[in-house]
Amino acid sequence: MRLDSEVIPIKERSSMLFLRYGRLDVEDGALVLVDENGTRMQIPLGGLACLLLEPGTTVTHRHSPPAWG
């Protein structure tokens, strides 16, 4: 659970982050960009107002079975 004191006000966030030519993945609950060399860079989503995905960016997600079955 997140406390109100942990949220960064929108006026204090970076405006935009452009991502190109990489794979977006989730690692330990954090968004990570993996480049063609396998270098992993954590994306600070809490400090961004907008995340823009340019051509060449792939978005993945971990498949988990549904809770009902």
Side-chain angles (χ1 to χ4, degrees):
M1 187 169 148
R2 184 175 282 213
L3 302 174
D4 288 338
S5 62
E6 296 175 348
V7 178
I8 300 172
I10 195 77
K11 66 182 180 181
E12 294 180 14
R13 296 181 185 196
S14 298
S15 57
M16 290 184 259
L17 179 63
F18 294 86
L19 301 178
R20 177 184 278 181
Y21 302 121
R23 185 182 79 236
L24 281 176
D25 202 356
V26 175
E27 184 176 289
D28 298 327
L31 193 61
V32 176
L33 180 68
V34 183
D35 71 9
E36 62 186 9
N37 300 320
T39 304
R40 305 175 82 76
M41 180 181 2
Q42 188 170 349
I43 307 298
L45 285 179
L48 293 175
C50 183
L51 182 64
L52 298 169
L53 307 179
E54 295 189 25
T57 304
T58 304
V59 179
T60 65
H61 64 86
R62 182 183 317 191
H63 173 73
S64 58
W68 61 85

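Not counting sequence neighbours, Glu36 has no partner by the side-chain hydrogen bond (donor to acceptor under 3.5 Å, both in side chains) test. Every residue two or more places apart in sequence or in another chain that forms a side-chain contact (heavy atoms from CB on, under 4.5 Å) with Thr39 is listed here: Asp35, Asn37.
Within the structure, the salt bridge (Lys or Arg N to Asp or Glu O under 4.0 Å) test picks out the following pairs touching residues 39-52 (sequence neighbours left out): Asp25-Arg40, Glu27-Arg40. Residue pairs meeting the side chain to side chain donor-acceptor pair (under 3.5 Å) criterion with at least one partner in residues 41-51, sequence neighbours excluded, are absent.
Val34 and Tyr21 are assigned to two separate hydrophobic clusters, defined by single-linkage of ILVMFWY side chains at heavy-atom distances under 4.5 Å.
No side-chain heavy atom of Val32 sits less than 4.5 Å from a side-chain heavy atom of Ile43.
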Name each donor-acceptor pair under 3.5 Å that joins a side chain in residues 46-58 to protein atoms two or more places apart or in another chain, with its distance.
from  : atom 1 : to    : atom 2 : distance (Å)
Glu54 : OE1    : Arg20 : NE     : 2.9
Glu54 : OE1    : Arg20 : NH2    : 2.6
Thr57 : OG1    : Leu19 : O      : 3.0
Thr57 : OG1    : Glu54 : O      : 3.0

